[in-house]
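Values in this document were obtained by computation on a predicted structure and should not be read as measured data.
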Amino acid sequence: MYSLIIIDDEEETLEALTDCYPWESIGFQVIGSFRFANVALDFCQKTMPDVVLTDIRLPLKSGFDILDALSRKENKPLFCVMSAYDEFRYAKQAIKYGVQDYLVKPVSLDELTKTFTRIKEILDARAPLPSSDKENDGIDNVLVRNAIELMKKRTRECTLSAVADELGVSESYLSRLFKKETGINFQKYLQDIKMATAISMLTPPAKYRNKEIAEALGYTDSQNFCRTFRKVYGMTPIEYRNSRKNKK
């Protein structure tokens, strides 16, 4: 069960989201609901949830202030934002923080279910991989586990050099160790993370453009992103998005 906090200054909306939606049926537990950003932020810094669902316009501080503060944490949560305003400037700012979805109020139960089902899939994918020769879960080498966490949290600007520097080892040592422990090289693992994120950003009801996804994932341009996506999945991002629309 993944932990979730909800932030909305409209009391009726907050109560409806907290008490009326069957969160546990899709794998989430609401551990806190707040009307004020400063109170929610203080709670998150003490008890970091897996997911934060927040309105953008809040008293004193905005939802983006919360995202900005929490995105600096090593164990930062996933973010989903809500707004009564379908404005591009908000959506663009949301991409900066790697927001999983931008929901325009009023949010339907079906839309909420689809969004959080996708978020759960992302959280499940982040779970440690089972070891083939150990009883305990996860990749045994602590250094590699830390490298993977950095790759997931800083996907946009992630490089082998930057991760090695942060972990205090040489690039060549980290590269060899990573391949030994995971079975694939660093760049391929990073590409897999980027492509999994791209899938979540292309799956309806998400409405990110190729350029926005490419920027969020650290590609130099949308053409580079599209070529990589097609090489991995055998179709273009637009073809994938259309295929998901047809399955509705």
Query - Shortest non-hydrogen contact from Leu70 toward Gln45 - result: CD2-CG, 4.4 Å
Query raised in the report: At what distance, to the nearest 0.5 angstrom, does CD1 of Ile148 lie from OH of Tyr189?
Result: 3.5 Å
**Report entry** Other residues, nucleotides, ligands: >12 heavy atoms within 6.0 Å of Gln223 CD
**Finding:** no
Requested in this report: Check whether any side-chain heavy atom of Phe225 sits under 4.5 Å from a side-chain heavy atom of Met195, and report yes or no.
Outcome: yes
Query raised in the report: How many angstroms lie between atom OH of Tyr208 and atom CD of Glu215, to the nearest 0.5 angstrom?
Result: 12.0 Å
Query raised in the report: Could you walk me through whether Ile119 and Tyr2 pass the side-chain contact (heavy atoms from CB on, under 4.5 Å) check?
Result: CA-CA 10 Å; Ile119 289 175; Tyr2 295 110; over 6 Å; no
**Report entry** Non-hydrogen side-chain atoms of Lys114 and Ser108 separated by less than 4.5 Å
**Finding:** no
Report task. Would you mind reporting whether Arg57 and Ser83 have side-chain heavy atoms less than 4.5 Å apart? Result -> no
Requested in this report: Please check if atom CD1 in Ile238 has more than 12 non-hydrogen atoms from other residues, nucleotides or ligands closer than 6.0 Å.
Outcome: no
Report task. Give, for atom CD of Glu111 and atom OG1 of Thr115, the distance between the pair rounded to the nearest 0.5 Å. Result -> 5.5 Å
Requested in this report: Report yes if the side chains of Leu202 and Phe229 come closer than 4.5 Å at any heavy-atom pair, otherwise no.
Outcome: yes
Query raised in the report: Which atom names give the shortest non-hydrogen contact between Val52 and Cys44, and what distance separates them?
Result: CG2-SG, 4.3 Å
Counting only pairs under 3.5 Å, give me each side-chain donor-acceptor contact of residues 22-37, with atom names and distances, residues two or more places apart or in other chains.
| from | atom 1 | to | atom 2 | distance (Å) |
| --- | --- | --- | --- | --- |
| Trp23 | NE1 | Leu17 | O | 2.6 |
| Ser25 | OG | Pro22 | O | 2.6 |
| Arg35 | NE | Asp9 | O | 3.2 |
| Arg35 | NH2 | Asp9 | O | 3.4 |

Requested in this report: Quick one: closest heavy-atom pair of Leu143 and Tyr173, and the distance?
Outcome: CD2-CE2, 3.7 Å
Query raised in the report: What do the steps show when you test Lys61 against Ile66 for side-chain contact (heavy atoms from CB on, under 4.5 Å), and what is the final call?
Result: CA-CA 8 Å; Lys61 292 184 178 182; Ile66 296 174; 5.8 Å; no
Query raised in the report: Counting distance only, does the side-chain N/O of Asp65 pair as donor-acceptor with the main-chain N or O of Ser62 below 3.5 Å?
Result: yes
**Report entry** Sidechain N-carboxylate O distance under 4.0 Å for Lys105, Asp55
**Finding:** yes
**Report entry** Under 3.5 Å donor-acceptor, Ser175 side chain and Ser172 backbone
**Finding:** no
Query - Any donor-acceptor pair under 3.5 Å from Asn185 side chain to Lys179 backbone - result: no
Query raised in the report: Backbone N or O of Leu103 within a donor-acceptor pair of the Asp101 side chain at under 3.5 Å?
Result: no
Query raised in the report: Got a donor-acceptor contact below 3.5 angstrom from the Thr18 side chain to the Leu14 backbone?
Result: yes
Query - Leu4 side chain near Pro49 side chain, heavy-atom distance below 4.5 Å - result: no
Query raised in the report: Closest approach of Ser71 and Asp68, non-hydrogen atoms and distance?
Result: OG-O, 3.0 Å
Report summary line: For Thr54 and Gly63 the tightest heavy-atom approach is OG1-CA, 3.9 Å
Query raised in the report: For the atom pair OG1 (Thr182) and NZ (Lys188), what is the distance rounded to the nearest 0.5 Å?
Result: 10.0 Å
Query raised in the report: Hey, are the side chains of Phe116 and Leu53 touching, using non-hydrogen atoms and a 4.5 Å cut-off?
Result: yes
Query raised in the report: Can you list the steps and then say if Val163 with Cys158 is a side-chain contact (heavy atoms from CB on, under 4.5 Å)?
Result: CA-CA 7 Å; Val163 173; Cys158 185; 3.7 Å; yes
Requested in this report: Take Phe186 and Met151 through the test side-chain contact (heavy atoms from CB on, under 4.5 Å) and record every step on the way to the result.
Outcome: CA-CA 9 Å; Phe186 182 94; Met151 293 164 76; 3.6 Å; yes
Query raised in the report: Rounded to the nearest 0.5 Å, how far apart are OG1 of Thr203 and CD1 of Ile199?
Result: 5.5 Å
Query raised in the report: Any side-chain donor paired with an acceptor under 3.5 Å for Asp8 and Thr13?
Result: no
Report summary line: Here the pair of heavy atoms bringing Phe79 nearest to Leu67 is CG-CG, 3.7 Å
Query raised in the report: Is any side-chain N of the basic residue among Glu157 and Arg154 closer than 4.0 Å to the acidic one's carboxylate O?
Result: no
Report summary line: Separation between OG (Ser161) and CD (Glu166), nearest 0.5 Å, reads 11.5 Å
**Report entry** Test item: Glu11 and Glu15 side chains (from C-beta on) under 4.5 Å apart, heavy atoms
**Finding:** yes
